[in-house]
Amino acid sequence: MEELAIFGGKPVREKKIFYGRQCIEQDDVDAVVATLTGDLITCGPKVQAAEKLLCEVTGAKYAVLVSNGTAALHLAAMAAGFGPGDEVIVSSITFAASANCIRYCGATPVFADIEDDTYNIDPESIKRLITPRTKGIVAVDFTGQAVKLDEIRKICKDHGLLLIEDAAHAIGTKYKGQPVGSIADMTCFSFHPVKTVTCGEGGAITTNNERLYRHLMRLRTHGITRNQSEMAHPTDALWYNEQVELGFNYRLTDFQAALLISQLGKLSRFSQKRKEIAAKYDAAFSQMPELQVQREIPESDTTRHLYILRLNLDKLNCDRRQFFDALYAENTCPQVHYLPVYWHSYYEKLGYEKGICMNAEAFYMSSMSIPLYPTLTDEETDDVIRAVKKIVAYYRK
Ligand SMILES: *Cc1c(COP(=O)(O)O)cnc(C)c1O
């Protein structure tokens, strides 16, 4: 048996690779530089052009670009009208921002469990958590796979709830042939460098609802309007604008928008490459009883953001920590997505207890994400597979 690198053996790779990495090419660089010498470097034509392109990519009527994905979630939660006394149901396996946006509005996040095989929010768990105070749902397309949108939208319709889809992982994904972004009441995207397309920091909300769109646009710029119909003291004076509510400065610069336009042009290429790598991992791991491969629902045509390696711990003589450290030492570095949100000490202090989402907790204890990004080479993909197999062989019961 091969000696693991963590115990002094030769690592599978000499140079470390990580779970995610952006792909910036020369034409992306040129697009940014060209914008920098233009008349407007923020709030200019590139922001509008990027919003128009996002509408084309997602099929949504409206798009609002903002400074990051967390800002997108914050404004969506505000436009949804979440406030003190309201409960909002949210996935338990997600980045903290999905729940924090509910807290920003003074509302109460209620954590729903995930399905044991798709790792997405379980519609049955949502149903069990609904009370007369429930106002909405924040559903996360975890790893890029669309949540069960038909079931979740039916629950929303039956109970008068508003649906925010956190699609930070899911740009390019389709549900029953329809792009994510045009299905929920509001869909939030992130363009952080680990996500499928990036502009450094950036985010967006898409919606088909004109009222929500106008509200989001106003919240993005301090709650200030130039539209007389929204003013308490309307005037046609050219200089006049009026702050009618408390908003933020969540604007994106034009040079970031230029980068986003350039990157969106590569979405189908990036998406194809991610799918190919995920398929290669699936083929390598699906026959191994020590590992569980994520189930895809047939409705989702997934642009995979994360590849989850899930351990069947009862078939291995190690725990997740040992496996993770061994994989790290082979220089095929994994990451963990995510700690159940309510395990963070901030939420613990608010009174959330362990044990409320059993599938989420079991998932966290047995999983890690392995490298997946469009510039990962065939050789690197093979190295990851070799490293995983080497460690499984070592710890196999
Ligand atoms: C990345 C991410 C966010 C936050 O996006 P930022 O652009 O980093 O603020 C929110 N939700 C999920 C699920 C994410 O992965």
Side-chain angles (χ1 to χ4, degrees), residues 18-22 50 54 63-78 80 88-105 109 111-112 114 118-121 136-147 163-173 180-181 184 186-206 216 220 248-253 256-257 259-260 263-264 274 294 300 302-308 335-342 344 346-347 360 363-364 367-369 372-373:
F18 295 92
Y19 85 92
R21 185 185 157 76
Q22 72 276 15
L54 259 180
V64 179
L65 265 191
V66 292
S67 44
N68 56 67
T70 305
L73 286 163
H74 184 188
L75 295 193
M78 282 181 80
V88 180
I89 297 170
V90 57
S91 311
S92 45
I93 292 293
T94 182
F95 184 57
S98 313
N100 292 347
C101 68
I102 301 163
R103 293 291 305 143
Y104 294 156
C105 298
F111 293 98
I114 60 166
T118 67
Y119 317 145
N120 259 336
I121 193 167
I137 299 173
V138 178
V140 182
D141 299 322
F142 179 63
T143 73
Q145 172 166 217
V147 292
L163 177 60
I164 297 175
E165 189 174 350
D166 179 346
H169 296 183
I171 192 149
T173 290
V180 155
M186 287 177 273
T187 305
C188 296
F189 296 97
S190 164
F191 308 117
H192 179 276
V194 297
K195 309 294 160 75
T196 296
V197 298
T198 185
C199 59
E201 295 278 359
I205 310 115
T206 58
L216 291 165
R220 176 175 74 177
F248 299 86
N249 175 358
Y250 279 165
R251 295 186 303 258
L252 196 75
T253 65
Q256 288 172 298
L259 180 52
L260 183 61
Q263 288 265 301
L264 282 170
R274 285 175 172 275
Q294 183 178 8
S300 181
T302 305
T303 293
R304 193 74 78 81
H305 165 58
L306 295 175
Y307 191 91
I308 302 290
Q335 179 53 281
V336 172
H337 300 94
Y338 294 95
L339 188 78
V341 176
Y342 59 87
H344 284 289
Y346 167 76
Y347 283 98
F363 172 81
Y364 169 66
S367 65
M368 67 201 76
S369 311
L372 175 63
Y373 46 91

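As the structure lists them, so they are numbered: ligands from 1, and atoms in each ligand from 1. Because the structure is predicted, anything quoted here is derived from the model rather than measured.
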Under 4.0 Å from any heavy atom of F95, which atoms of ligand 1 are there? 2 (C), 3 (C), 4 (C), 10 (C), 12 (C), 14 (C)
Any heavy atom of N68 under 4.0 Å from ligand 1? The part involved is both
Proximity to ligand 1 by part of F189, non-hydrogen separation under 4.0 Å: neither
Quick check on K195 - does any of its heavy atoms sit under 4.0 Å from an atom of ligand 1? yes
Rounded to the nearest 0.5 Å, what separates atom CZ in R220 from atom CZ in F248? 14.5 Å
Which ligand 1 atoms, with their elements, are less than 4.0 angstrom from a heavy-atom of T94? 13 (C)
Measuring from the heavy atoms of G203, does anything fall under 4.0 Å of ligand 1? no
Specify the protein heavy atom at minimum distance from atom 15 (O) of ligand 1: its residue, its atom name, and the distance to 0.1 Å. H169 NE2, 2.8 Å
Shortest non-hydrogen contact from V341 toward A99: CG1-CB, 3.9 Å
Do H192 and ligand 1 have an N or O pair less than 3.5 Å apart? no
Heavy-atom closest pair (V336 atom, S367 atom, distance to 0.1 Å) is CG2-O, 3.8 Å
Please find the pair of heavy atoms, one from N120 and one from Q145, that lie closest to each other, and give the distance. ND2-O, 3.0 Å
If I apply the N/O under 3.5 Å rule, does L73 come out as touching ligand 1? no
T143 and side chain to side chain donor-acceptor pair (under 3.5 Å): which single residue from Q294, R304, H169 fits? Q294
Just let me know how T70 lines up against ligand 1, side chain, backbone, both or neither, with a heavy-atom cut-off below 4.0 Å. both
Once you measure the plane-to-plane angle for F142 and F363, does it fall in the parallel (<30°), tilted (30-60°) or perpendicular (>60°) bin? perpendicular
Once rounded to the nearest 0.5 Å, what's the spacing between atom CD of E165 and atom CE of M186? 12.0 Å
Counting each atom of ligand 1 from 1 as listed, which ones have a heavy atom of S98 under 4.0 Å away? 11 (N)
Heavy atoms of other groups near R21 CZ, more than 12 under 6.0 Å: no
Please check whether S190 reaches ligand 1 - meaning an N/O of the residue sits under 3.5 Å from an N/O of the ligand, judged on distance alone. yes
Quick check on contacts: which atoms of ligand 1 are under 4.0 angstrom from a heavy atom of Y338? 15 (O)
Below 4.0 angstrom from a heavy atom of D166, which ligand 1 atoms are there? Numbered from 1 as shown, please. 10 (C), 11 (N), 12 (C), 13 (C)
Nearest heavy-atom pair of G144 and T173: which atoms, and what distance? O-OG1, 2.7 Å
Side chain to side chain donor-acceptor pair (under 3.5 Å) partners of residues 65-74, not counting sequence neighbours, each pair once: H74-Y250
Atoms of ligand 1 close to G69 [distance to a heavy atom under 4.0 angstrom, numbered from 1]: 5 (O), 6 (P), 7 (O), 9 (O)
